[in-house]
Amino acid sequence: MAGIIDDIKNAFRQNDNALNQLILINVIVFVFLAILKVLSFFTGLEEVFGFVYKQFSIPPIGIDFIKRPWTIISYSFAHSLSGIFHILFNMLVLYWFGRLISEYLGSPKVVNLYILGALAGGLLYLLFYNAVPVFAERASQVSGMVGASAAVYAIMVAAAVLLPDYTFHLIFIGPVKIKWIVAFYIFLSFLGSTGANAGGNIAHLGGALIGWIYIRQLQAGNDWGKPIQSILDFFRGMFDDKPKIKVTYKQKETKRKAGKVKSGGTEDLDQDEIDAILDKIADRGYESLTKEEKQKLFNASQK
C-alpha cells in the first residue's frame, strides 16, 4: 500500500505530467466513491454516500445548481459506479488523445482543454435543461450528471483539429485518421441527444465545441487557457517551498544563457513564428514540420 501511495506522490511531483495526473485524479475519486458506497451499504448509512456523491453530480435544475456551484467542475472527475466501463472508456480515450496534445502543445494545454471542456459541457447541459422546453419538462426526473466525457471530447476534438491526418491503428479495422474517429463520436453524441442519456450527450457536444474553438483561437494567437494556468499556478505557489537563498542577477543571466544553449541557441520565439507553425500544422499536419520547427513548437509549449 505504501508503494502505491509513493507512486501517486511521485506522479504529482513530476513536471509536465498533467495527463497522468488527470487520469490519477479520476481513478482516485472513482475508488474513493466505490469504497464509500460499499461501506455505506454494509453499515446502513447509505444517506452518507448519497450526500457525498451529490457533491460530484451536477444537477439539471438551475436552483439546485446554485446551491452546489462547484459541481460545474467536480462532475468531470467522477463516474457512474454501476460498472467499470464508463471510467475505463473515458480514461483510455483521454490517454490516447491527451498524449497528442501533450506532445505537440505541451502538458499545460491538456489541463486547459480538460477544464474548459468540463465547463462548456456543464454549462450547455444546464442551458438545455433550463431553457429548452422539451428538456425542462424532464429535468425533475434527472438526478444529475457525472463523467469526464465532456472534458475528453474537448481534448479529442482539439487533437483532431490540430492533427487531422494523424493515424490510429484500430483493432480489426486498421489505420484510421483521427478526424474520422472524432467525427464518428460527435455524430453518435448528436444522435444520442434525444435518448436516455440526452443530457450527457449534450455535454459531449459542448466539450467538442470548446475543443474546436480552443485550437482555432490558439492558431490565431489567443490562448483561452491562460486564466486557468494563472489560477493553478497561484495554488501551486501556495504549496511550493520558498527558496532560502536569494538568486542574484548574474545567476539568472547564466541560467538564461544555459537555456538558450539547450534549445539550440535560439532566441525567445516570436508569436508570429509560432502562429505560422500552428497554421502549417492545420494545413498540412504535424508530419509536415521540419525538425527545427518541431523543436521550436516544443520549446514554446514549455513556457
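Listed for the N201 side chain is a donor-acceptor partner under 3.5 Å among the backbone atoms of N197. Remark: the backbone N or O of I58 is not paired with any side-chain donor or acceptor of R68 at under 3.5 angstrom. A donor-acceptor contact shorter than 3.5 Å is absent between the side chain of D64 and the backbone of P60. For the pair W212 (side chain) and A158 (backbone), a donor-acceptor distance under 3.5 Å is absent. When atom types are taken as modelled, the side chain of S193 and the backbone of F190 share a donor-acceptor pair closer than 3.5 angstrom. A donor-acceptor pair under 3.5 Å is formed between the side chain of N130 and the backbone N or O of G62. Proximity of a side-chain donor or acceptor of S57 to a complementary backbone N or O of Y53 within less than 3.5 Å is not detected. Listed for the S102 side chain is no donor-acceptor partner under 3.5 Å among the backbone atoms of L19. Q229 places no side-chain N or O within donor-acceptor distance of the main-chain N or O of G225, the cut-off being under 3.5 Å.
Taken together through direct or relayed side-chain contacts under 4.5 Å among Ile, Leu, Val, Met, Phe, Trp and Tyr, L81 and F41 form parts of separate hydrophobic clusters. Put simply, F187 and I181 are part of two different groups of oily side chains (I, L, V, M, F, W, Y) that touch within less than 4.5 Å, one to the next. The hydrophobic clustering, which links ILVMFWY residues whose side-chain heavy atoms are closer than 4.5 Å, places L126 and V134 together. Hydrophobic cluster membership differs between V52 and V38, with clusters built from Ile, Leu, Val, Met, Phe, Trp and Tyr side chains linked at under 4.5 angstrom. Clustering ILVMFWY residues whenever any of their side-chain heavy atoms sit less than 4.5 angstrom apart, transitively, puts I202 in a cluster other than the one holding I61.
Using cut-offs of 30° and 60° on the angle between ring planes, the pair Y153 and Y185 is perpendicular.
Checked against ring pair (Phe, Tyr, Trp, His ring centres under 6.0 Å), Y129 has the following partners two or more places apart in sequence or in another chain: Y125, F135.
A donor-acceptor contact closer than 3.5 angstrom is absent between the side chains of Y95 and N20. Residues S189 and H204 have side chains that bring a donor and an acceptor to within less than 3.5 angstrom of each other.
Here S76 contributes atom OG and Y114 contributes atom OH; the two are 4.5 Å apart, rounded to the nearest 0.5 Å. Note that CG of L116 and CD1 of I228 are 3.5 Å apart. Values are rounded to the nearest 0.5 Å. Atom CD in E46 sits 11.0 Å away from atom CG in L36 (nearest 0.5 Å). Atom CG of residue L113 and atom CD1 of residue I115 lie 10.5 Å apart, to the nearest 0.5 angstrom. Within the model, atoms CG of L162 and CG of L100 stand 8.5 Å from one another, a figure rounded to the nearest 0.5 Å. One distance of note links OH of Y166 with CD1 of I178; it measures 8.0 Å at 0.5 Å rounding.
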- Message: I'd like to know whether S149 forms a side-chain contact (heavy atoms from CB on, under 4.5 Å) with H86, so could you lay out the CA-CA distance, the side-chain angles of the two residues, the decisive distance to 0.1 Å, and finally the verdict.
- Response: CA-CA 9 Å; S149 299; H86 188 205; 4.2 Å; yes

- Q141 and R138: side-chain hydrogen bond (donor to acceptor under 3.5 Å, both in side chains), yes or no, with the steps? CA-CA 5 Å; Q141 304 168 15; R138 308 176 191 174; over 6 Å; no

- In sequence, state the C-alpha distance, the side-chain angles, and the governing distance for L209 and L124, and then conclude on side-chain contact (heavy atoms from CB on, under 4.5 Å). CA-CA 10 Å; L209 177 61; L124 197 62; over 6 Å; no

- Query: Do L218 and W224 pass the side-chain contact (heavy atoms from CB on, under 4.5 Å) test, and can you show the C-alpha distance, the side-chain angles, and the key distance before you say yes or no?
  - Reply: CA-CA 8 Å; L218 197 64; W224 282 23; over 6 Å; no

- Chi angles and distances behind the side-chain contact (heavy atoms from CB on, under 4.5 Å) call for K109, D223: CA-CA 9 Å; K109 299 295 190 293; D223 186 355; 3.6 Å; yes

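If you look at F85 and F89, their ring centroids are not closer than 6.0 Å. In this structure, F32 has its ring center no closer than 6.0 Å to that of F77.
In plain terms, the two heavy atoms of I210 and A154 that are nearest each other are CG2-CB, 3.8 Å. The nearest pair of heavy atoms linking G206 to A120 is O-CB, 3.4 Å. Smallest separation of non-hydrogen atoms from K54 and T71: O-CG2, 3.9 Å. Y75 and G122 get closest at one heavy-atom pair: OH-N, 3.2 Å.
In this structure the side chain of E47 reaches within 4.5 angstrom of the side chain of L45, judged on heavy atoms. The shortest side-chain heavy-atom distance between R216 and V161 falls under the 4.5 Å cut-off. Between I215 and L105 the shortest side-chain heavy-atom distance falls below 4.5 Å. Looking at T167 and V176, their side chains never come closer than 4.5 Å, going by heavy atoms from C-beta outward. No side-chain heavy atom of L24 sits less than 4.5 Å from a side-chain heavy atom of Q21. You'll find the side chain of H79 reaches within 4.5 Å of the side chain of N26, heavy atoms only.
Between I155 and the options W96, Y214, F97, a side chain to side chain contact (heavy atoms under 4.5 Å, CB included) holds for only F97.
More than 12 non-hydrogen atoms from other residues, nucleotides or ligands lie less than 6.0 angstrom from CG of L170.
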